[in-house]
S.K.: 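Take a look at this one; I'll ask things after.
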Amino acid sequence: MFIRKRGLAALAAGLALALAGTSAVRAQAPAYPSKPIRLIVPFGPGSVTDQLARIVASGLAERLGQSVVVENKAGAGGNIGAGFVAESAPDGYTLLMGAASTNAINPSLYTNLKFDPMKDFVPVANVASVTNVLVVNPQVKARSVKALIEELKTNNYSYASGGAGGSQHLSAELFKNMSKTDMVHIPYKGGSEPLPDLMSNRVQLMFCNLPVCLPHIQAGKLVALGVTSTQRSPLLPDVPTIAESGLPGYSVDGWFALFAPAKVPADIVARLHDETANVLATPATMEQIRRQGAEPNASSQAEFARFVQAEHDKWAKVIKDAGIRLE
């Protein structure tokens, strides 16, 4: 009996030591973040995505007490940079400044993606949105969305975009689908590349990123008929939304947000979300974002996850209906 009790006591002592050792290991584990964080931008330097990433990185570095280093990995419509993050260690030290294209549109657009943006990422925090604006050459008679829809029924107009599958292209395809009209798509190699042809009336209209076209609207070289967002833009308060100006239910927002690899621990994701929300709430950050022609767009993590899924479903239908597929 004594031997049995002594054996049980030894076992209890061993378990206690094991638990103490586990606690010690936990106590010794460095708190997140304990080293610099990489924020991957899947587009080139100077893009709206890049500028927003640098604003957020600066604020996060201050709040987290670690450097947040922005790295550009552009190419393949954002898929190179997004794929790099999807395959990174899920430890919270490699993040993606994603966009509507990389994380909602591309899954339906590209046939050969080596990763699944809907499964291989966890949405961390919405950051900002940028509206497109429907602009026409001044020689086009229409001065409203309703009038343009009528003109499209009898005129063979062409529209420009910064490339197949981008927000400008898909804004136009959604417009065509909802208005039951047709236009010829003329794709270019970047968001500002079509402007000379647009202003010379070689192409008649464009769904342009607002920051790109705003100076030309203000100079009278382009006419703004409507913005694609659900609310009027503070930068063009007299220009109605397309929804209120002749096409109810129409809505397109170019959005930008933080994503992490899918298996990053939930507590790290929650920390990153909360700190990003704190950064976005500061007046200085709001002002910096608005200077880019964007609007801060913070939401809860759950709301943002639902939003990304809804965007994926919306664009999957538009892309299918338009028959657009890219390699």
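Only heavy atoms go into these numbers, but all of them, side chains included; no hydrogens, no water, no symmetry mates. Throughout, numbering of the chain's residues begins at 1 and tracks the sequence.
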S.K.: Count the heavy atoms of every other residue, nucleotide or ligand shown that sit under 6.0 Å from NZ of Lys221, and state whether that count exceeds 12.
M.R.: no
S.K.: Transitively linked via ILVMFWY side-chain contacts under 4.5 Å: Leu39 with Leu60?
M.R.: yes
S.K.: Looking at every heavy atom in both Ala61 and Val68, which two are closest together, and how far apart are they?
M.R.: N-CG2, 3.8 Å
S.K.: Nearest heavy-atom pair of Leu195 and Cys213: which atoms, and what distance?
M.R.: CD2-SG, 3.7 Å
S.K.: Would you compute the distance between atom NZ of Lys114 and atom CG of Asp120 and round it to the nearest 0.5 angstrom?
M.R.: 14.0 Å
S.K.: Charged N to carboxylate O below 4.0 Å: is that the case for Asp267 and Arg271?
M.R.: no
S.K.: Checking Ser108 against His312 for the side-chain contact (heavy atoms from CB on, under 4.5 Å) test, could you report, in this order, the C-alpha distance in whole Å, the side-chain angles of both residues, the deciding distance, and whether it holds?
M.R.: CA-CA 8 Å; Ser108 300; His312 169 270; 4.2 Å; yes
S.K.: Evaluate whether atom CG of Asn156 has more than 12 neighbouring non-hydrogen atoms of other residues, nucleotides or ligands under 6.0 angstrom away.
M.R.: no
S.K.: Run the side-chain contact (heavy atoms from CB on, under 4.5 Å) test on Asn132 and Val227 for me, step by step, so that the C-alpha distance in whole Å, both residues' side-chain angles and the decisive distance to 0.1 Å come before the verdict.
M.R.: CA-CA 6 Å; Asn132 288 334; Val227 293; over 6 Å; no
S.K.: Starting at SG of Cys208, measure out to CG of Leu198 and round the result to the nearest 0.5 Å.
M.R.: 7.5 Å
S.K.: Take atom CD of Gln309 as the centre, draw a 6.0 Å sphere, and report whether it contains more than 12 heavy atoms from other residues, nucleotides or ligands.
M.R.: yes
S.K.: Got a donor-acceptor contact below 3.5 angstrom from the Asp253 side chain to the Trp255 backbone?
M.R.: no
S.K.: Run through Asp274, Leu258, Val124 and flag the one making a side-chain contact (heavy atoms from CB on, under 4.5 Å) with Val269.
M.R.: Val124
S.K.: Any chain of hydrophobic side-chain contacts (each under 4.5 Å) joining Val203 to Val133?
M.R.: yes
S.K.: If you define the side chain from C-beta out and look only at heavy atoms, does anything of Val69 sit under 4.5 Å from Ile37?
M.R.: no
S.K.: Does any non-hydrogen side-chain atom of Val223 lie less than 4.5 Å from one of Arg143?
M.R.: yes
S.K.: Shared ILVMFWY cluster between Met206 and Ile324, side chains joined below 4.5 angstrom?
M.R.: no
S.K.: How are the rings of His185 and His169 set relative to one another: parallel (under 30°), tilted (30 to 60°) or perpendicular (over 60°)?
M.R.: parallel
S.K.: Check whether Val48 and Leu214 end up in the same hydrophobic cluster, where Ile, Leu, Val, Met, Phe, Trp and Tyr are linked by side-chain heavy atoms less than 4.5 Å apart.
M.R.: no
S.K.: Considering only heavy atoms from C-beta outward, does the side chain of Thr228 approach that of Phe175 to under 4.5 Å?
M.R.: no
S.K.: Is it the case that Thr230 and Ser251 place a side-chain donor and acceptor less than 3.5 Å from each other?
M.R.: no
S.K.: Do the non-hydrogen side-chain atoms of Leu272 and Leu64 ever get within less than 4.5 Å of each other?
M.R.: yes
S.K.: How long is the gap from CD1 on Ile55 to CD on Gln288, to the nearest 0.5 Å?
M.R.: 5.0 Å
S.K.: CD of Gln66 to OH of Tyr93: how many Å apart, nearest 0.5 Å?
M.R.: 7.0 Å
S.K.: Would you say Asp116's side chain and Met118's backbone share a donor-acceptor pair under 3.5 angstrom?
M.R.: yes
S.K.: Quick one, Thr181 and Tyr157 - any side-chain contact, counting heavy atoms below 4.5 Å?
M.R.: no
S.K.: Closest heavy-atom contact between Ile319 and Leu170?
M.R.: CG1-CD2, 4.1 Å
S.K.: Write down the atom of Ala257, the atom of Asn126, and the distance for their closest heavy-atom approach.
M.R.: CB-CA, 3.7 Å
S.K.: Go through Val136 and Leu225 one step at a time and tell me if the side-chain contact (heavy atoms from CB on, under 4.5 Å) criterion holds.
M.R.: CA-CA 7 Å; Val136 297; Leu225 301 186; 3.7 Å; yes
S.K.: Do Leu152 and Asp182 come close enough that some side-chain heavy atom pair is under 4.5 Å?
M.R.: no
S.K.: Can you tell me how far OG of Ser300 sits from NE2 of His273, rounded to the nearest 0.5 angstrom?
M.R.: 6.0 Å
S.K.: Using a 3.5 Å distance criterion without hydrogens, assess whether the side chain of Ser58 forms a donor-acceptor pair with backbone atoms of Arg54.
M.R.: no
S.K.: What's the separation between atom OG in Ser179 and atom NZ in Lys146, rounded to the nearest 0.5 Å?
M.R.: 14.0 Å
S.K.: Without swapping roles, check the side chain of Gln204 against the backbone of Ser158 for a donor-acceptor pair under 3.5 Å.
M.R.: yes
S.K.: Applying side-chain contact (heavy atoms from CB on, under 4.5 Å), run through Met97 and Val56 and close with a yes or a no.
M.R.: CA-CA 9 Å; Met97 177 57 83; Val56 171; 4.2 Å; yes
S.K.: Has Ser171 got a side-chain atom pairing as donor or acceptor with Ser167's backbone, closer than 3.5 angstrom?
M.R.: yes
S.K.: Any side-chain heavy atom of Val140 within less than 4.5 Å of one from Glu151?
M.R.: yes
S.K.: For the residue pair Val135 and Leu205, establish whether any side-chain heavy-atom pair is separated by less than 4.5 Å.
M.R.: no
S.K.: Regarding Glu287 and Arg290, does a basic nitrogen lie under 4.0 Å from an acidic carboxylate oxygen?
M.R.: no
S.K.: Would you call Lys317-Asp313 a salt bridge at under 4.0 Å N-O?
M.R.: no
S.K.: Say whether, by atom type as modelled, one donor and one acceptor occur between the side chain of Asn79 and the main chain of Ala76 under 3.5 angstrom.
M.R.: yes
S.K.: Counting the benzene-type ring for Trp, do Phe115 and Phe84 have ring centres under 6.0 Å apart?
M.R.: no
S.K.: Specify the closest pair of heavy atoms between Ala99 and Phe256, including all atoms of both residues, with the distance to one decimal.
M.R.: CB-CD2, 3.9 Å
S.K.: Please report whether the ring centroid of Phe207 lies less than 6.0 Å from that of Tyr159.
M.R.: no
S.K.: Please verify the inter-ring angle class for Phe307 with Phe304; under 30° counts as parallel, over 60° as perpendicular, anything in between as tilted.
M.R.: parallel
S.K.: Looking at Phe43 and Ser101, what are the two nearest heavy atoms and their distance?
M.R.: CZ-OG, 3.5 Å
S.K.: Do Glu295 and Ser129 pair up side chain to side chain, a donor and an acceptor below 3.5 Å, judged on atom types alone?
M.R.: no
S.K.: With a 4.0 Å cut-off on N to O distance, would you call Glu244 and Arg232 a salt bridge?
M.R.: yes
S.K.: Answer yes or no: does atom CD of Glu71 have more than 12 heavy-atom neighbours from other residues, nucleotides or ligands under 6.0 Å?
M.R.: yes
S.K.: I'd like to know if Leu210 and Leu222 are part of one continuous hydrophobic network [Ile/Leu/Val/Met/Phe/Trp/Tyr, side-chain heavy atoms within less than 4.5 Å].
M.R.: yes
